[in-house]
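I have placed the structure first, in the form of structure tokens, so that the comments after it can refer back to it.
Side-chain atoms are counted along with the backbone in the values below, which use heavy atoms only and exclude waters and symmetry mates. Below, read A as the first sequence line, B as the second, and so on, with proteins coming before strands; counting in each chain starts at 1.
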There are 2 protein chains.
Amino acid sequence: MALAIKVNEETFTPRQQAVLTAALDLLVENGDGLTMTAVARRASCSKETLYKWFGDRDGLLTATVQWQAAKVRMPYVDRSHLSIKALRGSLEQFARDLLTTIIGEVSITLNRTAITHAAQEKDDLGNIVLENGPMAIRRRLKPILEAARDARLLRFTSSEEAYRTFFGLVVRDVQIRLLLGDKGLTQSNVESNIEADVKIATDQFLALYGAKANN
Amino acid sequence: MALAIKVNEETFTPRQQAVLTAALDLLVENGDGLTMTAVARRASCSKETLYKWFGDRDGLLTATVQWQAAKVRMPYVDRSHLSIKALRGSLEQFARDLLTTIIGEVSITLNRTAITHAAQEKDDLGNIVLENGPMAIRRRLKPILEAARDARLLRFTSSEEAYRTFFGLVVRDVQIRLLLGDKGLTQSNVESNIEADVKIATDQFLALYGAKANN
DNA sequence: GCACAGCCGTACCGTACGGTACGGTTCGAT
DNA sequence: ATCGAACCGTACCGTACGGTACGGCTGTGC
């Protein structure tokens, strides 16, 4: 399954979703635990069925990542009436969702899997994760930033730069440390600090790009 | 080789370093290309020698990452006479080195390898990369930040927080995108923007933590 | 009841790779 | 000259896993 164009809303039957769940569980439990035999046994299906449905191992992997990554749903952020207070709330919401997602076991697993995949020639999974992670956030955040600029709440020349600054302020070194398995950074450890970090990041972003800021 | 305590200055003979170079090359060329047979052939040595020197495949992998990661040398940053100008120069230097390192093929390969490794139970490589990457920077940067605070050039309560903010401002989403194989982000693409990004990040950091800043 | 499709479970095949064994060569020490 | 250590090259073994084949079970349409 080299193509894997995988347009949106790839509809899976409940049975297939059960298989994908099993596959994801195996991935989470142990990165290289996704063997066809293991998935078949876990999902109580035959390998023949797996190959019929997903083509080959890569197809199953792609379907799993695709299916799971698409589940990341960013909550709706009100964009209509923009006050500085509402903007701050929206930014905090984004920061919170971003952090919460990033530290989740599923996200870590998906990113690790995609990175492992990208370490070989295949960049399929990398693009899927990118598209449903950073790029999805960018698509959602940029219009808000631009609306805020139009409303004179923010000041910047490049919304791209502003978005990436926000990303950096929120994520910092958390993601790479989690991906590398930093033992000094359990997710419960990070989780308890989310609210504080969200506030700090938002404050910093507004300090840099708020209309009344010094630049 | 489960222990892999690997104290500092693991001294390798030139021949062994040639082997490690071959191993690294194979890793860079193709993440899963490091097979014992391939390394032996590339380095013109026998597999028996590989096992004698490195124990097993994991030992070879660990030695390669360890040896290469330790090569990352951050340039000396003058810390004696701190002026705001000197501080800015130091910060820019850090940002430049960090970015330059991160976008290099070797760094990408090492991080991918370590992350793949961490996806299984093994977190050996992850710790090595962490220790020689983010943590090394932190160790170098923090004293400078604290010295600058003592000299009333910077203002912050937690040097840890300040460091992580700096990291975030510099790295942003570049590393994760490179690790995921984002095709819209070639390293030459990033490379040409390093100087501009370094300046932006430094300006932003100083805007947030500079003594005359608003917070 | 019957045919057929879909699927489960298991057995099976081929290959790739980690790891071992061994003969042959080089080279330094004695 | 001889011995032995280190090492190269190759052959070999065992296993794990991707992928295929097949027999048997179940349900649905007719």
Roughly, in whole Å, what's the span from CD in A/Gln16 to C1' in C/dG6?
12 Å
From CZ of A/Arg41 across to P of C/dC7 the rounded distance in Å is 21 Å
Taking D/dT20, D/dC17, C/dC8 as options, the one with an atom nearest any side-chain atom of A/Thr35 is D/dC17
Atom pair distance, as rounded to whole Å: CG in A/Leu60 and C1' in D/dC17:
14 Å
May I have the distance from B/Asp56 (atom CG) to C/dC17 (atom P), rounded to whole angstrom?
17 Å
May I ask you to check whether B/Thr202 and B/Arg88 show a side-chain donor-acceptor distance below 3.5 Å?
no
More 5' along DNA chain C: B/Tyr51 or B/Glu48, using each one's nearest nucleotide?
B/Tyr51
Take atom CZ of A/Arg42 and atom C1' of C/dG9, then tell me their distance rounded to the nearest Å.
18 Å
Which of these nucleotides, D/dG19, D/dC7, C/dC8, is closest to any side-chain atom of A/Arg57?
D/dG19
Measure the distance from CE on A/Met36 to P on C/dC8 and round it to the nearest whole Å.
13 Å
Looking at B/Thr49, I'd like to know whether one of its side-chain N or O atoms comes within less than 4.0 Å of OP1 or OP2 on D/dC7.
no
Looking only at the side chain of A/Arg15 (C-beta and beyond, no hydrogens), which of the listed nucleotides C/dC8, D/dG18, C/dG19 gets closest?
C/dC8
B/Asn111 side-chain N/O to B/Ser107 backbone N/O, donor-acceptor pair under 3.5 Å
yes
Answer yes or no: is there a donor N or O on one side and an acceptor on the other, between the side chain of A/Arg57 and the main chain of A/Leu34, under 3.5 Å?
yes
How long is the straight-line distance from CD1 of B/Ile115 back to CG of B/Asp123, given to the nearest 0.5 Å?
13.0 Å
Taking CZ from B/Phe54 and P from D/dC7, how many angstroms apart are they, rounded to a whole number?
11 Å
Rounded to whole angstrom units, what separation is found between the CG atom of B/Asp32 and the P atom of C/dG18?
10 Å
Side chain of B/Ser46 only, please: which of D/dA11, C/dG9, D/dC8 is the nearest?
D/dC8
Taking only side-chain N and O atoms of A/Trp53, does any of them lie within less than 4.0 angstrom of OP1 or OP2 on C/dG6?
no
Donor-acceptor pair, side chain of B/Gln68 and main chain of B/Val65, under 3.5 angstrom
no
